[in-house]
Amino acid sequence: MFARDRRYLTDSLFGLLIRSTSLVVGLLILGMFTQMLLVVWPMFAAPSVSEQVFVAGMEPGTAAVPESGGGENPGEFADRPVTIDLPRKAVQLVLVPGDSVIAVETRPQLPATTPVRRQRLSVLEGAGALSFAAIDVAERYLLLTFKSGIFRLMSIRDDGHLESAYAGTLPAHRSVRPVPGGQSWVLVTEDALVQVHLVFLAAEASVATLRSMPVSDGIAHASTVSPDRRVLVATRSGEIRLWQLDMRKLTALDGLRGGARSVDWLSPVLFEVIYSDGSTRYFELASRLAEMSVNRLFFPVQFEGYSEPGYYWQPSATSDGFEPKTSLIPLLLGTLKAALVGLVLAVPVALGAAIFVGYYLSSRRREQVKPFIEVIASFPTVVIAGLAALWLAPRLIESLPEIVGGALALPILGGVALLMAKHLPTSVTRRGEVKVLPLHFLPGLVIVILVGAALGHWVEQWLFEGSLVTWLPEQGIAVQQLNSLLVGFILGFAILPTVFSLAEEAIYEVPRVGAAGSIALGATPWRSFQDVVLPIAAPGIISAVMLGFGRGIGETMIFLLLSGNAPGTDGSLFSGIRSLSATLAIELPEAAVGGTHFRTLFLGALILFALTFVINTLGHLIRNRILTKHRVSR
Amino acid sequence: MSGDLQRMRYSIESVRAREEKLGAVMSAMTAVATLLALLSVVMFLGFLIFLGGDWLANAQSATSGVDQPVKSNFEVLLWGGAELAVSGGVFPAIVGTIVLTLVMTVIVSPLGIVVALYLTEYAGTGWHTRLLRIGIQNMAAIPSIIYGVFGLAFFVYVIGGRLDNLFFAGNLPNPTFGAPGLLWASLTLAILTLPTVIVATEEGLLRLPLALREGSRALGATRSETIFRVVLPAATPSIMTGIILAVARAAGEVAPLMLVGVVRYAPTLPVSVEAPFIHLEQKFMHLGFFVYDLTMHAPGSEGRVGIVAASGLLLVLVIATLNLAALLLRLRLRRTFLRTGFE
Amino acid sequence: MDHREALIAASTNRSNPSEAAPGIEVKGLSLTYPEEPNALTDINLSIPGGEVTAVIGPSGCGKSTLLRCFNRMNDMLEGCSYSGSIILNGLDVLDPATDVTALRRRVGMVFQQPNPFPMSIYENVAYGPRIGGVRRRRELDEVVESALRLAALWDEVKDQMNRNAIVLSLGQQQRLVIARAIAVRPEVLLMDEPASSLDPISTLRIEELIYELKQSYTIVIVTHNMQQAARVSDRTAFLNQGRVVEYDSTDKIFTNPAERATEDYITGRYG
Ligand SMILES: Nc1ncnc2c1ncn2[C@@H]1O[C@H](COP(=O)(O)OP(=O)(O)O)[C@@H](O)[C@H]1O
Ligand SMILES: [Mg+2]
């Protein structure tokens, strides 16, 4: 009795174990998705604030942030001499603003190497009071802005002498806030924040408006720009708003009492608000995480120092104050471009082989041939890519015309044969269709490829003046050794077994009675394949191509070693690319955990995941839908 | 009427000649595609063997002194030398690869078998079963780098971080398990290869006739007894096949490892002769990453191609052996079933 | 010509419908597969034209193999080799020089499982004529209609000619396949267990059809079903282990077989 109870207990415990483990595995699959969502989500959440209460006398001091360029009260800047260090040139500029003339003193930083120079700059007509003076990072220019909106760009000679380079007008403003990175500034006007930047157009420096953010109820006071590129604004109606420079919106911060008079940063997250009743309160943002927008990820964005909007992927700070550029487009395009090239190269070979192995070969021979193609799937891609990077890459472009010629020779010959099929002499086709692996084709095949290569070489001599590698750059097409053509070529090799295997399976699985029925009516085997087998196998073949594509966009090592990892958005086959997968492998170990860069990478992973998931699910759906349909027919 | 027939015969003749020529051309084209696919395999293996073998067959010229014994390139590859960027040679990388796959196998085998058992022996046909199946089917096609990302986010930071807070708080802020390491890499690979094991095992289980189970149940055995005494023994070859395929797949994966603990150079092996014998929290070296590193740090330099090919050859040989074992096992399995007439 | 004869005339190559379909003469036919060296051994049969000949025998005795010799479908199998001769209307079927495609247009075949092509009902029937070079729509329409009428399917499908053939019931599919075979105007119809996957009512319809068709075609039918052989055939051949054990009129085989083995098989005492 007891023994039997124990047996039953064991049985149900085992069942429980199996069920719960499977549940855990199922949850794990879901967990992968949710985990990534959880990491990505905070990027899109609106910033939230909480009030910080400090014991009296222990309030945090100011000036934890870069010093504001302009003073608070109008006119203050203009009254006071400004000292600007030029560490590279080892000089100091001292500007002494006057009514119509600014006196500039150039002092060497190491005393007594060169004498102090004095220069007088006559101010532009009606320029008014100086609002701001700054130099660019390279110390080539001095920017002087005036409250009236007029500005002047002076080029700085090595000895500190200034020459007028460019002048123009910006909106009239009350004060200027420098943006970290030193190449852009926020002008605070009566009712808008305007970010202007230094741009170089054909090596000529100019100053242009980059972004502007209207504040509808007027600006009472604007804070400095935090290292995360955020400005706080106290509006005339006494509310506090947050502008993250690259967002196209002004975020109203909840939980702050109205009646604010001024606001300023104390740290990248902590800020103080002074109310019109004279009281001061402190608030803290929940995180330094920059808010992400779909715009920044997928649309062209104009960045500081860039003359035009574009797609850039430079997410991490190489220096302080660097504006992160997080467009996923270059990565997506790079991935898709190479995967498409791979597909174009792999699909004809894979499908041809699938038809031959799955339809023409007998079951016995099929089992002998199939593993020899499928074995590619077991070659580690790192080895394939490694060999290609060291051996093929230096040769690919050099001998591209020969390779293209050799590669095109076969399809061209096939196409011609197909067009001319009617006129082929019967002696050629007398043997009927090929039904065993025609190893005797090999010499002919090699000859055709060699002839193609020779033709390619000949074409190179005639059309490209002897060398494609030198001809292409002359046409303005940059040629890099690691490029998307190389990636596509090797990727094609890597996805060949995937497409072949699935397509072959789809063809082989079609019951032979159908084709036999057609052959019994006097059709040729090819006709039977085309009319009877192909319509049934087509969904499986489509799904094979889709799954091959999915495999291509997820491949990492090939991209990593062969793509050059240079994000770009051009359509050229000869330039380097950077894929999502390789970016993850390179950047994720180095990204600060929880930072914007880290989370953006997770978003990339999520997109890659979703992309392959959708492609695979579609592939499986197509396959299964037809399988059921075809089951009915049996 | 007979003129009609004559005309028809003629048209059949001409149509047929055309059809036959089309068939001959098309079949020849598919045959050529097959030859091309096979040729690409031969070329790749040829390059690998030629370049790698050539390098291995050579010896380093004793540049540093006449007295110094000349080392064969094989020794250089194994134990290191001036030619290699990594001082330890490929040996620690081989040890790392073996330990990694072993730990992975220990994790993935029971998990995979249990899920396959659930799917064939326990699960009904409800939506959750279908969902699980779809999930597993899709898992197999998720890019491997995604597993690395998941491993980093979930295993390293979430679970590893918790573990550190709970058990290794003394070491903080230096992470123990809260950083990439052997355990997390093995776990990541285990998840990555889970579908392989599940699918192979499930296939083997489904192949077993229902009568086998019913026979056992009819004798009064419980479900678990049936599984342990009848089902699992009969399915052992498929399970072994699945596990070997999983190991073969894992041995060639590099991308996810780059996120969860592989390093260029580890000062110590992840195994030792004293307790605890295996250091799950350590970072480790790996043959595939070794190949990557050699390639990456010698862009364009052709001198490296020999070493890369040689170490790649090593990796391919390991994987080929594993795959061959799986193939033979599967063949034996099929023959057994053919003999018993189950197919 | 009455209606029936007109139909037959439209569905055969013979200008005179009353002209008998040709017979088949099998002499010393042997066939080997790689794994089965004695698939067929020294088969001698004289199959009369315009009659139904049934081939019966236990599973694996070589019935399908024999049938596939008549239209050389075995050629598609690798490692299959044969010797002997099959004479159809003066043509040596097994001669390597024989035009197999032309042969297959003269010898139609119906398989065990209905195998409609993945296309419309119309296209299924028009398939044979089309690959034979018939292009004109009117001509095709005529062929399709007469073939379907002859296969007793016309009334059921005439309003759904453009639907996919897969929607038909199994019995209808099998008649469609017969119509498809008829549409190329063959002289001989081979049927390999044509009713074994059908329900009794569909089976009955197929049997009626065979009875109708035998006026204009030489029919060879493989069947597992004794009653069926007795009902539809004029002559019966009993095969065992690749040899013809007995070949005689169906009446004789079923009432008074000469061989003990035949009797055992027919009465169900076999193995
Ligand atoms: N394609 C083939 N390859 C090898 N052997 C075959 C093939 N088809 C049939 N056979 C063998 O030939 C014998 C006769 O088969 P078959 O003609 O199909 O028998 P039946 O139709 O009478 O059941 C069987 O032993 C079978 O195993
Ligand atoms: Mg049969």
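Keep in mind the model is a prediction, meaning the values are calculated, not measured. Naming: A, B, ... by sequence-line order, numbering from 1 per chain. Just so you know, these numbers use all the heavy atoms, side chains as well, and skip hydrogens, waters and symmetry mates.
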| said: Are A:Phe493 and A:Phe489 an aromatic pair, judged by ring center distance below 6.0 Å? | reply: no

| query | Mind checking whether A:Phe598 and A:Phe602 have parallel, tilted or perpendicular rings, split at 30° and 60°? | reply | tilted

| message | For the residue pair A:Thr335 / A:Ser579, report whether a side-chain donor-acceptor contact shorter than 3.5 Å exists. | response | no

| field | Proximity breakdown for B:Arg223 and chain A, heavy-atom pairs closer than 4.5 Å | value | both

| query | chain A heavy atoms under 4.5 Å from B:Leu194: which part of the residue, side chain, backbone, both or neither? | reply | side chain

| query | So which of A:Leu387, A:Thr612, A:Ile355, A:Thr21 has the biggest tally of heavy-atom pairs under 4.5 Å with chain B? | reply | A:Leu387

| note | Of A:Phe372, A:Tyr359, A:Phe613, the largest count of non-hydrogen pairs under 4.5 angstrom with chain B goes to A:Phe613

| query | If you count heavy-atom pairs under 4.5 Å between each of A:Val375, A:Thr10, A:Ile384 and chain B, which one has the most? | reply | A:Ile384

| message | Counting heavy-atom pairs under 4.5 Å with chain B, which one of A:Val357, A:Leu547, A:Leu28 comes out on top? | response | A:Leu28

| chain B heavy atoms under 4.5 Å from A:Leu584: which part of the residue, side chain, backbone, both or neither? | both

| query | Side chain, backbone, both or neither: which part of B:Ile136 has a non-hydrogen atom closer than 4.5 Å to chain A? | reply | both

| field | Portion of B:Leu51 that has a non-hydrogen atom of chain A nearer than 4.5 angstrom | value | side chain

| said: Counting only non-hydrogen atoms closer than 4.5 Å, does B:Leu39 touch chain A with its backbone (N, CA, C, O), its side chain (CB onward), both, or neither? | reply: side chain

| Can we call the ring centroids of A:Phe14 and B:Phe228 under 6.0 Å apart? | yes

| task | Can you tell which part of B:Val42 gets under 4.5 Å to a heavy atom of chain A, answering side chain, backbone, both or neither? | result | neither

| B:Val308 versus chain A, heavy atoms under 4.5 Å apart: side chain, backbone, both or neither? | side chain

| What distance do B:Leu117 atom CG and B:Leu205 atom CG have between them, rounded to the nearest 0.5 Å? | 5.5 Å

| task | May I ask you to check whether B:Phe150 and B:Tyr147 place their ring centers less than 6.0 Å from one another? | result | no

| field | Contact origin within B:Phe289 toward chain A - heavy atom pairs under 4.5 Å | value | neither

| request: Quick one: which of B:Met29, B:Gln137, B:Arg18 has the most heavy-atom pairs under 4.5 Å with chain A, could you say? | output: B:Gln137

| field | Pairing of B:Glu20 and A:Arg527 as salt bridge, 4.0 angstrom limit | value | no

| request: Measure distances from B:Met258 to the heavy atoms of chain A and classify the residue's part below 4.5 Å as side chain, backbone, both or neither. | output: both

| For chain B, the option from A:Phe609, A:Tyr360, A:Phe379 that forms the most heavy-atom pairs under 4.5 Å | A:Phe379

| query | Where does B:Glu121 contact chain A at under 4.5 Å (heavy atoms): side chain, backbone, both or neither? | reply | neither

| message | Could you check whether any side-chain N or O of A:Arg599 sits under 3.5 Å from a backbone N or O of A:Gly594, counting only pairs where one atom can act as donor and the other as acceptor? | response | yes

| query | Under a 4.5 Å heavy-atom cut-off, does chain A meet the side chain of B:Ala248, its backbone, both or neither? | reply | neither

| By a 4.5 Å heavy-atom criterion (distance strictly below it), what part of B:Leu45 contacts chain A: side chain, backbone, both, or neither? | side chain

| Interface residue of largest heavy-atom contact number with chain A, from B:Val115, B:Val291, B:Ile146, under 4.5 Å | B:Ile146

| request: Check each atom of B:Ile113 against the heavy atoms of chain A and say whether the ones under 4.5 Å are side chain, backbone, both or neither. | output: neither

| request: State whether a side-chain donor-acceptor pair under 3.5 Å links A:Glu555 with A:Thr381. | output: yes

